[in-house]
Amino acid sequence: MSAKPCRVLILRMEAKASDALEHALAGLGAETTVDDSCATSVAEALEPDVVVIDIDGAGRDAERIASQFADAVPQSAIILLSDHVDDAAMHDALLAGAAGVLRRDVSARALSRTVYGVAAGEAAVPRSTQAMLLEQLRGLGDDFR
């Protein structure tokens with residue numbers, strides 16, 4: 001049984017990275033690739049299920065990009081790809097509206113599963129980050145009760 005195709009917008013930052021993303025997501029019905037100068041406008045017009053953004057080529061931080069797209073297309077899940085994924089960047093991006101941050105070298109199969117997962121409402125959060133988030137919640141204690 002194959003999963004239902006979802007609309008995926010790939011943000012073009014570098015031609016090489018973009019071509020690799022398009023190839024990895026070909027089976028998901030990836031609709032278009034754009035450069036970052038008009039990405040939010042295209043995202044608003046297409047209303048994709050998922051926006052995949054390679055943030056390293058952008059020269060901007062994960063939090064700012066996640067926030068920009070969360071505001072522009074709140075119905076879309078946002079996945080950021082980066083060579084530099086650490087707990088602090090993941091935390092900031094999640095708070096700003098991203099569904100997750102993945103390493104750029106993620107396999108095509110894992111990326112495909114992740115895209116379907118976030119389109120269905122799941123988070124794309126590594127286990128190490130899940131543990132950090134749980135510790136933070138536990139630290140809040142009675143504030144949630």
Side-chain angles (χ1 to χ4, degrees), residues 1-14 16-36 39-40 42-44 46-145:
M1 176 187 289
S2 64
K4 171 183 130 180
C6 62
R7 294 165 37 112
V8 180
L9 173 64
I10 305 166
L11 177 55
R12 179 184 300 245
M13 295 299 178
E14 300 170 13
K16 183 178 179 183
S18 173
D19 292 344
L21 284 175
E22 286 180 27
H23 178 66
L25 298 174
L28 299 178
E31 295 218 356
T32 190
T33 304
V34 298
D35 64 38
D36 65 346
T40 55
V42 172
E44 289 170 343
L46 291 177
E47 298 181 351
D49 299 306
V50 180
V51 179
V52 179
I53 308 167
D54 182 340
I55 63 173
D56 288 332
R60 292 178 282 176
D61 64 314
E63 180 181 8
R64 181 172 151 201
I65 291 172
S67 178
Q68 176 184 359
F69 279 86
D71 290 345
V73 285
Q75 74 284 358
S76 302
I78 301 158
I79 299 172
L80 303 175
L81 299 178
S82 176
D83 285 331
H84 312 287
V85 179
D86 60 28
D87 285 343
M90 175 71 76
H91 183 267
D92 292 346
L94 292 173
L95 287 176
V101 180
L102 301 175
R103 287 191 51 83
R104 182 186 282 158
D105 61 0
V106 66
S107 72
R109 183 175 178 186
L111 182 57
S112 177
R113 283 192 318 261
T114 300
V115 166
Y116 276 118
V118 299
E122 298 175 9
V125 181
R127 288 189 174 115
S128 61
T129 303
Q130 290 174 18
M132 176 198 64
L133 293 172
L134 282 173
E135 284 301 314
Q136 288 179 349
L137 283 174
R138 288 181 185 125
L140 295 174
D142 292 330
D143 292 346
F144 280 109
R145 293 181 186 162

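For the numbers below, each heavy atom of this structure counts, side chains included, while hydrogens, waters and symmetry mates do not.
- A donor-acceptor pair under 3.5 Å is absent between the side-chain atoms of Ser112 and the main chain of Ala108, judged by distance alone.
- Side-chain atoms of Ser67 never come within 3.5 Å of backbone atoms of Ala96 as a donor-acceptor pair (strictly under, hydrogens ignored).
- Rounded to the nearest 0.5 angstrom, Arg104 CZ and Asp54 CG are separated by 4.0 Å.
- With values rounded to the nearest 0.5 angstrom, Phe69 atom CZ is found 9.0 Å from Glu44 atom CD.
- Counting all heavy atoms, side chain and backbone alike, Ala99 lies closest to Val125 at O-CG2, 4.2 Å.
- Between Leu102 and Thr114, the closest side-chain pair of non-hydrogen atoms falls below 4.5 Å.
- Under the side chain to side chain contact (heavy atoms under 4.5 Å, CB included) rule, Ile53 has a single partner from Ile78, Leu81, Ile79, which is Ile78.
- Looking at Asp49, Val51, Val52, Val50 one by one, the single match for side chain to side chain contact (heavy atoms under 4.5 Å, CB included) with Val118 turns out to be Val50.
- With rounding to the nearest 0.5 angstrom, the CD atom of Glu63 is 11.0 Å from the CG atom of Leu94.
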